[in-house]
Student: 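Dumping the structure here so I can ask a few things about it.
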Number of protein chains: 2
Amino acid sequence: MSQSVSSRQPVTLAEVAREAGVSPSTVSRILNGTAQVKAAKVAQVKAAIEKLGYKPNAFARSLATGASGSVGVLTQDIASPFYGDALGGIESGLMGSGYSPLIISGHWRTDDEEHAIELFMSRRVEALIVLGGHLPEHELRQLAQQLPVAILGRRVDLPSAGSISLALDNQRAAYDVVNYLLDRGHRRIGHLSGPRDHADALARLAGYRQALEDRGFPFQPGLVVQGDFHEPSGLIGTQQLVAQHPDMTAIFSANDQMAYGARLALYRMGLRVPEDMSLVGFDDLPGSAYTTPPLTSVRQPMAEMGHWLARFVVAQLTGQEITPFQPQLELRLRESVAPRRLP
Amino acid sequence: MSQSVSSRQPVTLAEVAREAGVSPSTVSRILNGTAQVKAAKVAQVKAAIEKLGYKPNAFARSLATGASGSVGVLTQDIASPFYGDALGGIESGLMGSGYSPLIISGHWRTDDEEHAIELFMSRRVEALIVLGGHLPEHELRQLAQQLPVAILGRRVDLPSAGSISLALDNQRAAYDVVNYLLDRGHRRIGHLSGPRDHADALARLAGYRQALEDRGFPFQPGLVVQGDFHEPSGLIGTQQLVAQHPDMTAIFSANDQMAYGARLALYRMGLRVPEDMSLVGFDDLPGSAYTTPPLTSVRQPMAEMGHWLARFVVAQLTGQEITPFQPQLELRLRESVAPRRLP
DNA sequence: CTTATTTTTGCAACCGCTTTCAGATAAGCT
DNA sequence: AGCTTATCTGAAAGCGGTTGCAAAAATAAG
């Protein structure tokens, strides 16, 4: 109950020991339950801890035990709704495991990512979770030899047993989206694609293309405009698409954020969704269920994946088993797609 | 250039010293630039470091120097767009300062927050940035006596010099919103309020009420429905409001997320925004500029505040000066408000 | 080529906690 | 009570760095 005396210099275990009239070893043992200690001494020590407001120094402990109790999480943008979900999952997956996350953003810049890794290593993280990014594969593979590495959103060959990479079949999902649109009668389908150096963006584009070709419709480069995964590029791209292809009846955006931009562009042009133009996104951001109309999108189970990855690395670290997990992309049908009206 | 030999056991400074044929102290001095060292030795040591792939152990260093180089960041929900922005700002504010953030979520649960603090203290963070939350004031004050504390989103009296709390005048902003609506002829204005235990929510409600009363319109409890700051509660609240007050022409939501819910509810009921119903949110989330129509909202400069707070604590830690900063709430006029149509 | 200085180095003592090892205590039996 | 065995406890040696101090080496001065 009693509050500690607030002091500048943190209290050390030795001081607690002196206060309680026992040796440091004893205090340590009580703290960690490493050995039986007479009840009387336990009481004295606990009292001393309380009185002094002692908080163990994690550094000293880590140094002595060689275990840092933390896992490095390399994300790309901490403010991104997309990665944010995954972070939330990781956090919950780590909860109660005794490990805590050390989160750093790489901003899709390789050297930022390298710095992050540097920091992780100097902070002796015991495992690594990597969300996307551009780190060269060989580097990841090298890391995987030193500690468990879990990668999300990239397919990387990790020969090491304790590591894993979790990726979704983006191409397949995009393929399904376009087929869904084709099934509803749409023939001229625009695509807002993502950055050319982004593997997922490429996969989605490939799925779009393949679906068209498999159904016998030629792929038209003019119906694809490249964006950067942010809203403004979706807006501009859509204006462009609509201007050049008045007969276009559906747009498949490579992510939700660009779909939002598209939605606004259409609104501005007086085109209704879905009556005049069907719209499909990708990612199923939390907000997408509340756009007007609610956006049909491909759900990526970010939180679940993050959660599982966290539990995966913990399992590696503690030598437990973990049930495998194959996340699935799922087309969330909402209200932004309508059958093509026959002219 | 040469890559290190990947080894299980991390290389230590002593090993580097042996390899280079110098004493550990010398290596340490080279690493930290603590003293002049003969160029020849520097070269040998650098070569050894490279060859062995040596990475200093941050724990050992922290233990020896007493400086952890990290600042604790207590957020509430890492996946929230709202706090996410602030985190991004903090990250950028810390960048290049030599300090790195240790981020933990409190989930608005006091005991989670206490745990976070515990972890921060055991990890010996050198400063603390707290985003919202429910930690009792006395506790914050106590912490502020031990290290620089920067609080965002709560007004807390921190007598200690090195600490600060940054809060915005939510009541004033809400007051302005409602006046803006009144100026446009709206008379029956609904309010979707936030959680009752949330200071900002209360302030916004108070501003709403005061604006009405100051203009001579009685406050009607029936026009206020309480939500939880999430979309569904905005949706349900709006349905309720519209059903009970057919003459209502505007809704002021205590945050954007509930406004999104409201927007959808209106869409479902066939009410147009802004023609049939004006809508104003609060927070100006990144997505709000891309809703249909773009949402009029109150912008909270989260990223800027985060950035400044980070720089503030760094300034405290390094004994520098920092220019004061008074963040302002700003009404972002967009397209979700129209003058009331005269019946 | 000494001698007085100024640089460079290395030794050794911490930083705060864990852990092995052995001695001290307490408990169990005859 | 005397001896064995099982429990507790403390001394001391690290963990991997940093740093004050003094010795050693290099440089400047006489």
Side-chain angles (χ1 to χ4, degrees), chain A residues 7-46 48-49 52-70 98 118-119 121-126, chain B residues 7-46 48-49 52-70 98 118-119 121-126:
Chain A
S7 50
R8 280 254 144 254
Q9 285 303 317
V11 186
T12 71
L13 177 146
E15 298 179 53
V16 172
R18 194 173 326 123
E19 172 76 28
V22 301
S23 79
S25 343
T26 301
V27 178
S28 171
R29 286 192 264 254
I30 292 176
L31 251 35
N32 304 291
T34 319
Q36 293 270 2
V37 175
K38 269 276 199 63
K41 302 214 171 190
V42 173
Q44 297 174 68
V45 170
K46 292 215 159 146
I49 288 179
L52 268 33
Y54 169 69
K55 300 268 182 287
N57 180 324
F59 297 140
R61 190 194 297 248
S62 295
L63 187 56
T65 61
S68 66
S70 57
E118 202 110 319
L119 197 105
M121 297 318 272
S122 84
R123 291 266 215 270
R124 296 292 190 269
V125 300
E126 296 179 46
Chain B
S7 52
R8 280 254 143 255
Q9 284 304 317
V11 185
T12 72
L13 179 145
E15 299 179 53
V16 172
R18 193 172 327 123
E19 172 77 28
V22 301
S23 80
S25 345
T26 301
V27 178
S28 171
R29 288 192 262 255
I30 292 177
L31 251 34
N32 304 291
T34 320
Q36 293 269 6
V37 176
K38 268 276 198 64
K41 303 215 170 190
V42 172
Q44 297 175 68
V45 169
K46 291 215 161 147
I49 288 180
L52 268 33
Y54 169 70
K55 299 269 180 288
N57 181 324
F59 296 140
R61 189 194 298 246
S62 295
L63 185 56
T65 60
S68 66
S70 57
E118 201 110 321
L119 197 107
M121 298 317 272
S122 85
R123 290 266 217 267
R124 297 290 190 270
V125 299
E126 295 178 48

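Throughout, protein chains are lettered first and strands after them, A, B, ... in sequence-line order, and every chain is numbered starting at 1.
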Student: Give the rounded distance in Å between these two atoms: CD1 of B/Ile30 and P of C/dT8.
Tutor: 12 Å
Student: In this structure, how many angstroms lie between the P atom of C/dG10 and the CG atom of B/Leu13, rounded?
Tutor: 12 Å
Student: Does the side chain of B/Arg61 get closer than 4.0 angstrom to OP1 or OP2 of D/dT18 through an N or O atom?
Tutor: yes
Student: Can you tell me how far P of C/dT25 sits from CD of A/Gln36, to the nearest Å?
Tutor: 19 Å
Student: Nearest to the side chain of B/Thr34 - D/dT9, D/dT19, C/dT18?
Tutor: D/dT19
Student: Does any part of the side chain of A/Ser28, heavy atoms only, come nearer than 4.5 Å to the side chain of A/Leu13, both counted from C-beta?
Tutor: yes
Student: Specify the separation, in whole Å, of atom CZ of A/Arg18 and atom C1' of C/dG16.
Tutor: 13 Å
Student: Assuming nearest nucleotide by heavy-atom distance, tell me which of B/Leu63 and B/Ala35 is located more 5' along DNA chain C.
Tutor: B/Ala35
Student: For A/Lys55 and C/dC15, what is the distance between atoms NZ and P respectively, to the nearest whole Å?
Tutor: 21 Å
Student: Nearest-Å distance, CZ (B/Arg124) to C1' (C/dC17)?
Tutor: 11 Å
Student: Looking at the side chain of B/Ala64, which of D/dT9, D/dG17, C/dG16 is the nearest nucleotide?
Tutor: D/dG17
Student: Among D/dG17, D/dT19, C/dG16, which is the nearest nucleotide to the side chain of B/Arg29?
Tutor: D/dT19
Student: For A/Lys38 and A/Pro24, take the nucleotide of DNA chain C holding the closest heavy atom to each; which residue's nucleotide lies nearer the 5' end?
Tutor: A/Pro24
Student: Step by step, work out the side chain to side chain contact (heavy atoms under 4.5 Å, CB included) result for B/Arg124 and A/Phe59.
Tutor: CA-CA 8 Å; B/Arg124 297 290 190 270; A/Phe59 297 140; 3.8 Å; yes
Student: On DNA chain D, compare the nucleotides closest to B/Thr26 and B/Phe59; which residue's is nearer the 5' end?
Tutor: B/Phe59
Student: Figure out the NZ/P separation between A/Lys41 and D/dT9, and round it to whole Å.
Tutor: 5 Å
Student: Would you please confirm or rule out a distance under 4.0 Å between OP1 or OP2 of C/dT18 and any side-chain N or O of A/Thr65?
Tutor: no
Student: Which whole-number value in Å describes the distance from A/Arg123 CZ to D/dG16 P?
Tutor: 18 Å
Student: Can you tell if the side chain of A/Val37 reaches within under 4.5 Å of the side chain of A/Val45, non-hydrogen atoms only?
Tutor: no
Student: For B/Ser28, which contact category applies under a 4.0 Å heavy-atom criterion: base, sugar-phosphate, or nothing?
Tutor: base
Student: How is B/Val22 classified with respect to the nucleic acid when contacts are heavy atoms under 4.0 Å: base, sugar-phosphate, or nothing?
Tutor: sugar-phosphate
Student: According to a strict under-4.0 Å criterion, is B/Asn57 in side-chain N/O contact with OP1 or OP2 of D/dC15?
Tutor: no
Student: Within less than 4.0 Å of OP1 or OP2 of D/dG10, is there a side-chain N or O belonging to A/Ser23?
Tutor: yes
Student: Looking only at side-chain N and O atoms, does A/Arg61 offer a donor or acceptor that is under 3.5 Å from a partner on A/Asn32?
Tutor: yes
Student: Are B/Lys55 and B/Val11 close enough that some pair of their side-chain heavy atoms sits under 4.5 Å apart?
Tutor: no
Student: Once you apply a heavy-atom cut-off of 4.0 Å, does B/Ser25 come out as touching a base, just sugar-phosphate, or nothing?
Tutor: base
Student: Can you tell if the side chain of B/Ile49 reaches within under 4.5 Å of the side chain of B/Leu31, non-hydrogen atoms only?
Tutor: yes
